[in-house]
S.K.: 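Below is a structure I'd like to ask you about.
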There are 2 protein chains.
Amino acid sequence: MDYIGRLTAHLPAAVRLLMIKADGSVSIHADDRAYKPLNWMSPPCRIEEAPGVWRVVNRAGEELRITLEEIFHDSTHDLGIDPGLVKDGVEAHLQELLAAAPQTLGAGFTLIRREYPTAIGPVDLLCRDGTGRTVAVEVKRRGEIEGVEQLTRYLELLRRDPLLSPVDGILAAQEIKPQARVLAQDRGIRCVVLDYDALRGVTRDELTLF
Amino acid sequence: MDYIGRLTAHLPAAVRLLMIKADGSVSIHADDRAYKPLNWMSPPCRIEEAPGVWRVVNRAGEELRITLEEIFHDSTHDLGIDPGLVKDGVEAHLQELLAAAPQTLGAGFTLIRREYPTAIGPVDLLCRDGTGRTVAVEVKRRGEIEGVEQLTRYLELLRRDPLLSPVDGILAAQEIKPQARVLAQDRGIRCVVLDYDALRGVTRDELTLF
DNA sequence: CTATAAATGTCGGAG
DNA sequence: CTCCGACGTTTATAG
(Lines give C-alpha, C1' and ligand atoms only; values in the text may rest on other atoms or scores of the structure.)
Protein backbone atom coordinates (compact mmCIF):
# COMPACT_ATOMS: atom_id res chain seq x y z
CA MET A 1 0.00 0.00 0.00
CA ASP A 2 1.12 3.53 -0.77
CA TYR A 3 -0.49 6.79 0.22
CA ILE A 4 0.45 10.05 -1.41
CA GLY A 5 -1.42 13.05 -0.07
CA ARG A 6 -1.05 15.21 2.99
CA LEU A 7 1.93 13.02 3.73
CA THR A 8 3.43 10.01 2.03
CA ALA A 9 3.21 6.59 3.63
CA HIS A 10 4.19 3.11 2.64
CA LEU A 11 2.95 -0.20 3.99
CA PRO A 12 4.79 -3.45 3.20
CA ALA A 13 2.85 -6.53 2.11
CA ALA A 14 0.99 -8.37 4.88
CA VAL A 15 -2.36 -9.99 5.61
CA ARG A 16 -4.84 -7.20 6.28
CA LEU A 17 -8.53 -6.41 6.36
CA LEU A 18 -9.89 -4.08 3.70
CA MET A 19 -13.21 -2.45 4.42
CA ILE A 20 -15.11 -0.70 1.63
CA LYS A 21 -18.22 1.15 2.67
CA ALA A 22 -21.25 2.31 0.73
CA ASP A 23 -20.08 5.91 1.18
CA GLY A 24 -17.09 5.01 -1.00
CA SER A 25 -14.54 5.11 1.80
CA VAL A 26 -11.76 2.55 2.00
CA SER A 27 -9.85 1.51 5.09
CA ILE A 28 -6.97 -0.91 5.61
CA HIS A 29 -6.84 -2.56 9.02
CA ALA A 30 -4.18 -4.47 10.88
CA ASP A 31 -5.15 -6.67 13.82
CA ASP A 32 -4.52 -3.91 16.36
CA ARG A 33 -4.83 -0.12 16.81
CA ALA A 34 -8.44 -0.36 17.94
CA TYR A 35 -10.74 1.10 15.31
CA LYS A 36 -8.14 3.21 13.54
CA PRO A 37 -6.97 1.82 10.22
CA LEU A 38 -3.35 1.83 9.10
CA ASN A 39 -4.45 3.79 6.09
CA TRP A 40 -7.67 4.96 4.56
CA MET A 41 -9.41 7.22 2.12
CA SER A 42 -12.38 9.23 3.24
CA PRO A 43 -15.36 9.99 1.05
CA PRO A 44 -15.94 11.45 -1.42
CA CYS A 45 -13.49 9.35 -3.37
CA ARG A 46 -13.34 6.99 -6.31
CA ILE A 47 -11.88 3.49 -6.69
CA GLU A 48 -10.21 2.55 -9.96
CA GLU A 49 -9.87 -1.20 -10.11
CA ALA A 50 -7.27 -2.89 -12.26
CA PRO A 51 -6.21 -6.55 -11.91
CA GLY A 52 -4.46 -6.81 -8.54
CA VAL A 53 -4.21 -3.03 -8.09
CA TRP A 54 -6.69 -0.56 -6.65
CA ARG A 55 -6.21 3.14 -7.00
CA VAL A 56 -8.34 5.22 -4.67
CA VAL A 57 -8.35 8.96 -5.34
CA ASN A 58 -10.21 11.93 -3.95
CA ARG A 59 -10.93 15.39 -5.32
CA ALA A 60 -7.92 16.95 -3.56
CA GLY A 61 -5.64 14.65 -5.53
CA GLU A 62 -4.72 12.44 -2.60
CA GLU A 63 -4.15 8.86 -3.62
CA LEU A 64 -4.13 5.42 -2.05
CA ARG A 65 -2.60 2.64 -4.11
CA ILE A 66 -3.32 -0.90 -2.97
CA THR A 67 -1.70 -4.00 -4.41
CA LEU A 68 -3.62 -7.22 -3.82
CA GLU A 69 -1.37 -10.26 -3.68
CA GLU A 70 -3.83 -12.83 -2.41
CA ILE A 71 -7.46 -12.72 -1.33
CA PHE A 72 -8.23 -14.98 1.61
CA HIS A 73 -11.83 -13.94 2.00
CA ASP A 74 -14.23 -11.65 0.23
CA SER A 75 -17.72 -10.88 1.41
CA THR A 76 -20.28 -8.21 0.58
CA HIS A 77 -23.33 -7.23 2.59
CA ASP A 78 -26.11 -4.73 2.21
CA LEU A 79 -26.46 -2.87 5.50
CA GLY A 80 -29.09 -0.38 4.43
CA ILE A 81 -29.44 3.05 5.94
CA ASP A 82 -28.58 3.24 9.61
CA PRO A 83 -31.21 4.54 12.02
CA GLY A 84 -28.42 6.50 13.68
CA LEU A 85 -26.87 7.01 17.03
CA VAL A 86 -28.50 8.75 19.96
CA LYS A 87 -26.04 10.41 22.30
CA ASP A 88 -26.72 11.92 25.65
CA GLY A 89 -24.55 13.90 28.01
CA VAL A 90 -22.46 15.87 25.54
CA GLU A 91 -21.45 19.47 26.09
CA ALA A 92 -24.29 20.96 24.05
CA HIS A 93 -26.84 19.34 26.40
CA LEU A 94 -25.07 20.72 29.45
CA GLN A 95 -25.12 24.19 27.97
CA GLU A 96 -28.83 23.94 27.15
CA LEU A 97 -29.72 22.72 30.61
CA LEU A 98 -27.61 25.38 32.27
CA ALA A 99 -29.08 28.12 30.10
CA ALA A 100 -32.51 26.98 31.26
CA ALA A 101 -31.44 26.95 34.92
CA PRO A 102 -28.75 29.64 35.43
CA GLN A 103 -29.55 29.77 39.15
CA THR A 104 -27.57 26.53 39.37
CA LEU A 105 -24.48 28.75 39.16
CA GLY A 106 -25.54 30.92 42.07
CA ALA A 107 -28.51 32.65 43.68
CA GLY A 108 -30.05 35.32 41.48
CA PHE A 109 -28.13 34.37 38.34
CA THR A 110 -29.89 35.28 35.10
CA LEU A 111 -28.95 34.58 31.49
CA ILE A 112 -27.91 37.46 29.24
CA ARG A 113 -27.41 35.15 26.28
CA ARG A 114 -26.00 31.85 25.08
CA GLU A 115 -23.11 31.83 22.61
CA TYR A 116 -22.30 35.49 23.28
CA PRO A 117 -20.10 36.52 20.34
CA THR A 118 -16.56 37.92 20.67
CA ALA A 119 -13.82 38.49 18.11
CA ILE A 120 -12.23 35.14 18.95
CA GLY A 121 -15.39 33.10 19.21
CA PRO A 122 -18.58 32.80 21.24
CA VAL A 123 -18.71 32.60 25.03
CA ASP A 124 -20.87 29.64 26.06
CA LEU A 125 -23.05 31.59 28.49
CA LEU A 126 -23.04 35.24 29.49
CA CYS A 127 -24.92 35.81 32.75
CA ARG A 128 -25.59 38.42 35.38
CA ASP A 129 -25.20 37.45 39.02
CA GLY A 130 -27.45 38.46 41.91
CA THR A 131 -25.59 41.75 42.37
CA GLY A 132 -25.71 42.68 38.70
CA ARG A 133 -22.12 41.79 37.79
CA THR A 134 -21.45 40.23 34.41
CA VAL A 135 -20.29 36.59 34.48
CA ALA A 136 -18.83 34.66 31.55
CA VAL A 137 -19.37 30.91 31.82
CA GLU A 138 -17.40 28.26 29.99
CA VAL A 139 -19.26 24.95 29.91
CA LYS A 140 -17.31 21.72 29.50
CA ARG A 141 -18.02 18.07 29.96
CA ARG A 142 -14.63 17.74 31.53
CA GLY A 143 -12.92 20.82 32.90
CA GLU A 144 -9.27 20.79 31.92
CA ILE A 145 -6.55 23.39 31.59
CA GLU A 146 -7.55 24.18 28.04
CA GLY A 147 -11.01 25.22 29.26
CA VAL A 148 -9.47 27.65 31.74
CA GLU A 149 -7.27 29.09 28.99
CA GLN A 150 -10.25 29.50 26.70
CA LEU A 151 -12.26 31.32 29.35
CA THR A 152 -9.25 33.49 30.20
CA ARG A 153 -9.06 34.67 26.60
CA TYR A 154 -12.75 35.54 26.58
CA LEU A 155 -12.52 37.39 29.87
CA GLU A 156 -9.61 39.46 28.62
CA LEU A 157 -11.68 40.61 25.65
CA LEU A 158 -14.97 41.07 27.49
CA ARG A 159 -13.33 43.18 30.18
CA ARG A 160 -12.33 45.71 27.53
CA ASP A 161 -16.01 46.43 26.94
CA PRO A 162 -17.03 49.20 29.37
CA LEU A 163 -20.68 48.13 29.10
CA LEU A 164 -19.83 44.69 30.48
CA SER A 165 -16.77 45.30 32.68
CA PRO A 166 -16.04 44.10 35.29
CA VAL A 167 -16.58 40.49 34.21
CA ASP A 168 -16.25 37.42 36.42
CA GLY A 169 -15.53 33.94 35.12
CA ILE A 170 -16.97 30.52 35.88
CA LEU A 171 -15.78 27.15 34.59
CA ALA A 172 -18.73 24.76 34.81
CA ALA A 173 -18.17 21.06 34.15
CA GLN A 174 -19.29 17.60 35.25
CA GLU A 175 -15.76 16.90 36.34
CA ILE A 176 -12.92 19.32 36.98
CA LYS A 177 -9.33 18.13 36.86
CA PRO A 178 -7.14 19.19 39.78
CA GLN A 179 -4.72 21.07 37.53
CA ALA A 180 -7.56 22.99 35.94
CA ARG A 181 -8.88 23.85 39.37
CA VAL A 182 -5.50 25.19 40.50
CA LEU A 183 -5.08 27.30 37.37
CA ALA A 184 -8.64 28.59 37.61
CA GLN A 185 -8.15 29.59 41.24
CA ASP A 186 -4.91 31.32 40.34
CA ARG A 187 -6.79 33.41 37.79
CA GLY A 188 -9.77 34.18 39.99
CA ILE A 189 -12.05 31.90 38.01
CA ARG A 190 -14.71 30.06 39.98
CA CYS A 191 -15.23 26.31 39.37
CA VAL A 192 -18.69 24.79 39.46
CA VAL A 193 -19.18 21.03 39.28
CA LEU A 194 -22.37 20.14 37.45
CA ASP A 195 -24.56 17.16 38.22
CA TYR A 196 -25.99 16.20 34.87
CA ASP A 197 -28.86 14.12 36.18
CA ALA A 198 -29.80 16.69 38.82
CA LEU A 199 -29.59 19.46 36.25
CA ARG A 200 -31.85 17.51 33.95
CA GLY A 201 -34.23 17.01 36.84
CA VAL A 202 -34.18 20.69 37.79
CA THR A 203 -34.85 21.73 34.25
CA ARG A 204 -37.68 19.25 33.94
CA ASP A 205 -39.20 20.55 37.17
CA GLU A 206 -38.83 24.14 35.96
CA LEU A 207 -40.61 23.28 32.75
CA THR A 208 -43.31 21.36 34.59
CA LEU A 209 -44.12 24.41 36.67
CA PHE A 210 -45.45 26.21 33.60
CA MET B 1 -26.28 -1.46 21.30
CA ASP B 2 -25.82 0.60 24.43
CA TYR B 3 -22.75 2.44 25.61
CA ILE B 4 -22.43 3.68 29.14
CA GLY B 5 -19.21 5.44 29.85
CA ARG B 6 -17.86 8.88 29.19
CA LEU B 7 -21.30 9.54 27.73
CA THR B 8 -24.32 7.38 27.19
CA ALA B 9 -25.36 6.32 23.71
CA HIS B 10 -27.99 4.08 22.25
CA LEU B 11 -28.15 2.44 18.85
CA PRO B 12 -31.37 0.84 17.61
CA ALA B 13 -31.34 -2.58 15.93
CA ALA B 14 -30.03 -2.64 12.36
CA VAL B 15 -27.70 -4.61 10.12
CA ARG B 16 -24.14 -3.67 11.04
CA LEU B 17 -20.57 -4.84 10.81
CA LEU B 18 -18.85 -5.90 14.02
CA MET B 19 -15.07 -5.97 13.96
CA ILE B 20 -13.18 -7.70 16.77
CA LYS B 21 -9.43 -7.35 16.64
CA ALA B 22 -6.66 -9.37 18.22
CA ASP B 23 -5.93 -6.43 20.54
CA GLY B 24 -9.38 -7.06 22.07
CA SER B 25 -11.02 -3.95 20.65
CA VAL B 26 -14.56 -4.05 19.34
CA SER B 27 -16.07 -1.69 16.79
CA ILE B 28 -19.56 -1.44 15.33
CA HIS B 29 -19.75 -0.03 11.84
CA ALA B 30 -22.57 1.32 9.73
CA ASP B 31 -22.15 1.59 5.97
CA ASP B 32 -20.93 5.18 6.15
CA ARG B 33 -18.84 7.56 8.30
CA ALA B 34 -15.58 6.55 6.66
CA TYR B 35 -13.46 4.63 9.13
CA LYS B 36 -15.13 5.81 12.32
CA PRO B 37 -17.44 3.28 13.91
CA LEU B 38 -20.82 4.17 15.40
CA ASN B 39 -19.58 2.74 18.66
CA TRP B 40 -16.53 0.99 19.92
CA MET B 41 -14.47 -0.13 22.86
CA SER B 42 -10.74 0.40 22.83
CA PRO B 43 -8.25 -1.99 24.34
CA PRO B 44 -7.55 -3.04 26.95
CA CYS B 45 -11.04 -4.46 27.42
CA ARG B 46 -12.80 -7.76 27.95
CA ILE B 47 -15.73 -9.37 26.14
CA GLU B 48 -18.25 -11.35 28.17
CA GLU B 49 -20.28 -13.48 25.82
CA ALA B 50 -23.74 -14.69 26.71
CA PRO B 51 -26.25 -16.13 24.21
CA GLY B 52 -27.22 -13.20 21.97
CA VAL B 53 -25.63 -10.61 24.24
CA TRP B 54 -22.08 -9.34 24.38
CA ARG B 55 -20.87 -7.21 27.22
CA VAL B 56 -17.63 -5.39 26.55
CA VAL B 57 -16.07 -3.68 29.55
CA ASN B 58 -12.83 -1.87 30.22
CA ARG B 59 -10.91 -1.12 33.38
CA ALA B 60 -12.47 2.34 33.78
CA GLY B 61 -15.90 0.72 34.06
CA GLU B 62 -17.11 1.84 30.67
CA GLU B 63 -19.44 -0.65 29.07
CA LEU B 64 -20.68 -1.59 25.64
CA ARG B 65 -23.68 -3.89 25.51
CA ILE B 66 -24.42 -5.51 22.17
CA THR B 67 -27.52 -7.54 21.41
CA LEU B 68 -27.20 -9.89 18.47
CA GLU B 69 -30.49 -10.57 16.74
CA GLU B 70 -29.26 -12.34 13.64
CA ILE B 71 -25.86 -13.22 12.24
CA PHE B 72 -25.62 -12.90 8.45
CA HIS B 73 -21.96 -13.67 8.19
CA ASP B 74 -19.18 -14.62 10.55
CA SER B 75 -15.57 -14.96 9.56
CA THR B 76 -12.28 -15.13 11.45
CA HIS B 77 -8.77 -14.63 10.08
CA ASP B 78 -5.30 -14.66 11.49
CA LEU B 79 -3.52 -11.53 10.30
CA GLY B 80 -0.30 -11.99 12.22
CA ILE B 81 1.87 -9.13 13.36
CA ASP B 82 1.91 -6.13 11.06
CA PRO B 83 5.25 -4.93 9.69
CA GLY B 84 4.09 -1.38 10.34
CA LEU B 85 3.68 1.91 8.58
CA VAL B 86 6.38 4.21 7.25
CA LYS B 87 5.40 7.90 7.21
CA ASP B 88 7.14 10.87 5.68
CA GLY B 89 6.44 14.56 5.33
CA VAL B 90 4.78 15.60 8.57
CA GLU B 91 5.37 18.69 10.69
CA ALA B 92 8.88 17.77 11.84
CA HIS B 93 9.80 18.17 8.20
CA LEU B 94 8.57 21.76 8.07
CA GLN B 95 10.77 22.61 11.02
CA GLU B 96 13.81 21.04 9.36
CA LEU B 97 13.21 22.89 6.13
CA LEU B 98 12.74 26.20 7.91
CA ALA B 99 15.85 25.68 10.01
CA ALA B 100 17.77 25.20 6.77
CA ALA B 101 16.28 28.37 5.26
CA PRO B 102 15.58 30.88 8.07
CA GLN B 103 15.69 33.78 5.58
CA THR B 104 12.20 32.61 4.58
CA LEU B 105 11.03 34.38 7.74
CA GLY B 106 12.65 37.69 6.80
CA ALA B 107 15.75 39.25 5.32
CA GLY B 108 18.89 38.60 7.33
CA PHE B 109 17.30 35.97 9.59
CA THR B 110 19.78 33.46 11.01
CA LEU B 111 19.23 30.37 13.15
CA ILE B 112 20.42 30.35 16.76
CA ARG B 113 19.18 26.82 17.31
CA ARG B 114 16.36 24.34 16.75
CA GLU B 115 14.43 22.99 19.74
CA TYR B 116 15.82 25.70 22.00
CA PRO B 117 15.16 24.41 25.53
CA THR B 118 13.06 26.26 28.11
CA ALA B 119 11.61 25.21 31.44
CA ILE B 120 8.24 24.45 29.81
CA GLY B 121 9.54 22.73 26.71
CA PRO B 122 11.59 23.43 23.61
CA VAL B 123 10.95 26.37 21.29
CA ASP B 124 10.80 25.12 17.69
CA LEU B 125 13.26 27.65 16.32
CA LEU B 126 15.19 30.47 17.96
CA CYS B 127 16.51 32.97 15.42
CA ARG B 128 18.10 36.37 15.14
CA ASP B 129 16.62 38.87 12.70
CA GLY B 130 18.53 41.26 10.41
CA THR B 131 18.84 43.84 13.18
CA GLY B 132 20.08 41.35 15.77
CA ARG B 133 16.86 40.94 17.75
CA THR B 134 15.98 37.52 19.08
CA VAL B 135 12.95 35.84 17.47
CA ALA B 136 11.14 32.76 18.78
CA VAL B 137 9.37 30.79 16.05
CA GLU B 138 6.56 28.31 16.56
CA VAL B 139 6.19 26.01 13.55
CA LYS B 140 2.83 24.39 12.86
CA ARG B 141 1.23 22.73 9.90
CA ARG B 142 -1.96 24.58 10.79
CA GLY B 143 -1.78 27.72 12.86
CA GLU B 144 -4.58 27.75 15.40
CA ILE B 145 -5.22 29.50 18.68
CA GLU B 146 -3.38 26.83 20.65
CA GLY B 147 -0.22 27.56 18.67
CA VAL B 148 -0.43 31.25 19.61
CA GLU B 149 -0.89 30.30 23.27
CA GLN B 150 2.09 27.97 23.15
CA LEU B 151 4.31 30.66 21.63
CA THR B 152 3.03 33.23 24.14
CA ARG B 153 4.15 30.99 27.01
CA TYR B 154 7.60 30.59 25.49
CA LEU B 155 7.94 34.33 24.85
CA GLU B 156 7.05 35.12 28.44
CA LEU B 157 9.87 32.87 29.66
CA LEU B 158 12.46 33.86 27.06
CA ARG B 159 11.92 37.57 27.75
CA ARG B 160 13.00 37.02 31.35
CA ASP B 161 16.47 36.08 30.08
CA PRO B 162 18.47 39.34 29.83
CA LEU B 163 20.81 37.72 27.30
CA LEU B 164 17.93 37.15 24.90
CA SER B 165 15.47 39.94 25.71
CA PRO B 166 13.77 41.58 23.91
CA VAL B 167 12.29 38.61 22.05
CA ASP B 168 9.87 38.79 19.12
CA GLY B 169 7.50 36.00 18.15
CA ILE B 170 6.55 34.42 14.83
CA LEU B 171 3.87 31.83 14.18
CA ALA B 172 4.86 30.02 10.99
CA ALA B 173 2.39 27.58 9.41
CA GLN B 174 1.17 26.31 6.07
CA GLU B 175 -2.24 27.68 6.92
CA ILE B 176 -3.26 30.17 9.59
CA LYS B 177 -6.83 30.27 10.89
CA PRO B 178 -8.47 33.71 11.08
CA GLN B 179 -9.01 33.50 14.83
CA ALA B 180 -5.41 32.56 15.43
CA ARG B 181 -4.38 35.53 13.31
CA VAL B 182 -6.56 37.87 15.39
CA LEU B 183 -5.13 36.59 18.66
CA ALA B 184 -1.56 36.71 17.33
CA GLN B 185 -1.97 40.30 16.16
CA ASP B 186 -3.45 41.22 19.52
CA ARG B 187 -0.31 39.88 21.18
CA GLY B 188 2.17 41.39 18.74
CA ILE B 189 3.05 38.03 17.22
CA ARG B 190 3.80 37.99 13.51
CA CYS B 191 2.19 35.36 11.29
CA VAL B 192 4.09 33.80 8.38
CA VAL B 193 2.40 31.47 5.90
CA LEU B 194 4.74 28.75 4.67
CA ASP B 195 4.71 27.18 1.22
CA TYR B 196 5.88 23.61 1.77
CA ASP B 197 6.82 22.89 -1.82
CA ALA B 198 8.58 26.23 -2.29
CA LEU B 199 10.41 25.72 1.01
CA ARG B 200 11.50 22.28 -0.09
CA GLY B 201 12.67 23.81 -3.37
CA VAL B 202 14.58 26.62 -1.63
CA THR B 203 16.24 24.17 0.71
CA ARG B 204 17.21 21.89 -2.14
CA ASP B 205 18.72 24.86 -4.01
CA GLU B 206 20.59 25.95 -0.88
CA LEU B 207 22.02 22.48 -0.46
CA THR B 208 22.91 22.24 -4.13
CA LEU B 209 24.99 25.42 -3.82
CA PHE B 210 27.47 23.66 -1.56
C1' DC C 1 -19.03 26.21 1.00
C1' DT C 2 -15.88 27.93 4.96
C1' DA C 3 -14.86 28.39 9.71
C1' DT C 4 -14.99 26.74 14.24
C1' DA C 5 -15.16 23.87 18.32
C1' DA C 6 -16.07 19.11 20.24
C1' DA C 7 -14.58 14.40 20.45
C1' DT C 8 -16.11 8.15 24.26
C1' DG C 9 -11.26 11.93 19.96
C1' DT C 10 -6.72 8.39 19.08
C1' DC C 11 -1.86 7.89 19.23
C1' DG C 12 2.85 8.37 20.45
C1' DG C 13 6.64 10.19 23.27
C1' DA C 14 8.75 12.12 27.46
C1' DG C 15 9.09 12.35 32.39
C1' DC D 1 1.38 6.00 35.03
C1' DT D 2 0.19 10.91 33.59
C1' DC D 3 0.91 14.88 30.86
C1' DC D 4 1.27 17.01 26.46
C1' DG D 5 1.10 17.78 21.60
C1' DA D 6 0.32 16.06 16.78
C1' DC D 7 -2.98 13.98 13.81
C1' DG D 8 -3.62 12.54 6.56
C1' DT D 9 -7.05 14.22 13.11
C1' DT D 10 -12.62 13.29 12.01
C1' DT D 11 -17.07 14.98 12.83
C1' DA D 12 -20.88 18.02 13.45
C1' DT D 13 -22.71 22.63 13.28
C1' DA D 14 -23.31 27.46 12.46
C1' DG D 15 -22.80 31.20 9.26
Side-chain angles (χ1 to χ4, degrees), chain A residues 2-9 25 27-28 32-43 45 56 58-64 84-85 87-95 114-115 117-118 120-124 138-142 144-147 150 177-180, chain B residues 1-9 23 25-28 32-43 45 56 58-64 84-85 87-95 115 117 120-122 124 138-142 144-147 149-150 153 173-182:
Chain A
D2 285 284
Y3 165 75
I4 305 152
R6 277 166 279 184
L7 54 72
T8 63
S25 64
S27 32
I28 302 169
D32 59 359
R33 287 163 195 250
Y35 70 70
K36 192 144 192 219
L38 290 165
N39 261 292
W40 69 92
M41 186 63 78
S42 301
C45 63
V56 191
N58 70 5
R59 215 169 300 156
E62 294 171 86
E63 180 181 340
L64 198 60
L85 184 66
K87 290 184 181 183
D88 187 25
V90 286
E91 184 196 311
H93 296 163
L94 278 178
Q95 196 196 110
R114 275 175 66 186
E115 302 288 345
T118 77
I120 53 164
V123 181
D124 287 340
E138 179 65 33
V139 183
K140 283 269 178 277
R141 204 165 47 72
R142 283 191 296 186
E144 300 179 14
I145 282 182
E146 183 46 41
Q150 204 176 331
K177 296 286 167 102
Q179 287 199 335
Chain B
M1 200 286 323
D2 285 284
Y3 166 74
I4 305 150
R6 278 164 279 184
L7 55 70
T8 64
D23 63 6
S25 63
V26 177
S27 32
I28 303 168
D32 59 0
R33 287 164 196 246
Y35 68 72
K36 190 141 192 221
L38 289 165
N39 262 293
W40 69 93
M41 186 65 78
S42 300
C45 63
V56 190
N58 69 6
R59 215 170 300 156
E62 296 171 83
E63 181 181 339
L64 197 59
L85 185 65
K87 289 183 181 181
D88 181 30
V90 273
E91 184 208 309
H93 233 163
L94 270 182
Q95 197 197 106
E115 302 287 345
I120 54 166
D124 287 340
E138 179 64 33
V139 183
K140 285 266 179 283
R141 209 170 58 71
R142 286 184 202 177
E144 299 179 17
I145 279 182
E146 190 45 43
E149 292 287 13
Q150 209 175 325
R153 291 194 294 270
Q174 284 182 278
E175 179 195 351
I176 296 181
K177 297 287 166 103
Q179 288 201 341
R181 198 178 284 277
V182 169

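These numbers come from the heavy atoms of this one structure, side chains and all, not from hydrogens, waters or symmetry mates. Convention: sequence-line order gives letters A, B, ...; per-chain numbering from 1. All values reported here derive from a predicted model rather than from experimental measurement.
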S.K.: Starting from P on C:dT8, measure out to NZ on A:K87 and report it in whole angstrom.
M.R.: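 That distance rounds to 4 Å.
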S.K.: Less than 4.0 angstrom between a side-chain N/O of B:S42 and OP1 or OP2 of C:dT10, yes or no?
M.R.: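 B:S42 to C:dT10 OP1/OP2: side-chain N or O found under 4.0 Å.
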S.K.: Let me know the distance between CZ of B:R6 and P of C:dT8, rounded to the nearest Å.
M.R.: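 So the CZ-P distance, B:R6 to C:dT8, works out to 8 Å.
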S.K.: How would you label the contact of A:Y35 with the nucleic acid (heavy atoms, under 4.0 Å): base, sugar-phosphate, or nothing?
M.R.: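 Result for A:Y35 = sugar-phosphate.
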S.K.: Provide, to the nearest angstrom, the distance between the CG atom belonging to B:L85 and the C1' atom belonging to D:dA6.
M.R.: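 Taking atom C1' of D:dA6 as the reference, CG of B:L85 is at 15 Å.
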S.K.: Is there a side-chain contact between B:W40 and the phosphate of C:dT10, meaning an N or O under 4.0 Å from OP1 or OP2?
M.R.: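 So the side chain of B:W40 is within the cut-off, an N or O lying under 4.0 Å from OP1 or OP2 of C:dT10.
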S.K.: Phosphate oxygens OP1/OP2 of C:dA7: is one of them under 4.0 Å from a side-chain N or O of A:R142?
M.R.: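 Answer is no, no contact under 4.0 Å.
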S.K.: Between C:dT4 and C:dT8, how far apart are the two P atoms, rounded to whole Å?
M.R.: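 Roughly 22 Å separates the two P atoms.
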S.K.: State which of D:dG8, C:dA6, C:dG9 makes the closest approach to the side chain of A:R141.
M.R.: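 Looking only at heavy atoms from C-beta outward on A:R141, the closest nucleotide is C:dG9.
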S.K.: Measure the acute angle between the ring planes of B:Y35 and A:Y35, then classify it against the limits of 30° and 60° as parallel, tilted or perpendicular.
M.R.: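 Answer is tilted, since the angle falls between 30° and 60°.
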S.K.: NA contact type, A:M41, heavy-atom cut-off 4.0 Å: base, sugar-phosphate, or nothing?
M.R.: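 Base contact.
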S.K.: Is B:R153 touching bases, backbone alone, or none of the nucleic acid, heavy atoms closer than 4.0 Å?
M.R.: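 Sugar-phosphate only.
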S.K.: Once you round it to whole Å, what is the distance between P of D:dC7 and CG of A:N39?
M.R.: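 Rounded to whole Å, this separation is 15 Å.
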S.K.: Taking only nitrogen or oxygen atoms into account, show me every contact under 3.5 Å that the protein makes with nucleotides 12-15 of chain D, one pair per line with its distance.
M.R.:
{"residue": "D:dA12", "atom": "OP1", "partner": "B:R33", "partner atom": "NH1", "Å": "3.3"}

S.K.: For B:P43 and for B:A9, find the nucleotide of DNA chain C with the closest heavy atom, then tell me which residue's nucleotide is more 5'.
M.R.: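 By nearest-heavy-atom nucleotide position, the 5'-most residue is B:A9.
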S.K.: Please identify each residue that fulfils side-chain hydrogen bond (donor to acceptor under 3.5 Å, both in side chains) with A:E144, with sequence neighbours left out.
M.R.: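 By the side-chain hydrogen bond (donor to acceptor under 3.5 Å, both in side chains) rule, A:E144 matches no residue at all.
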S.K.: Can you tell me how far P of D:dT10 sits from CG of B:L38, to the nearest Å?
M.R.: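 From B:L38 CG to D:dT10 P: 18 Å.
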S.K.: Anything under 3.5 Å between a protein N or O and an N or O of nucleotides 1-5 of chain C, put it in a table, one pair a line.
M.R.:
{"residue": "C:dA5", "atom": "OP1", "partner": "A:I120", "partner atom": "O", "Å": "3.4"}
{"residue": "C:dA5", "atom": "OP1", "partner": "B:Q179", "partner atom": "OE1", "Å": "2.8"}
{"residue": "C:dA5", "atom": "OP2", "partner": "B:Q179", "partner atom": "OE1", "Å": "3.3"}

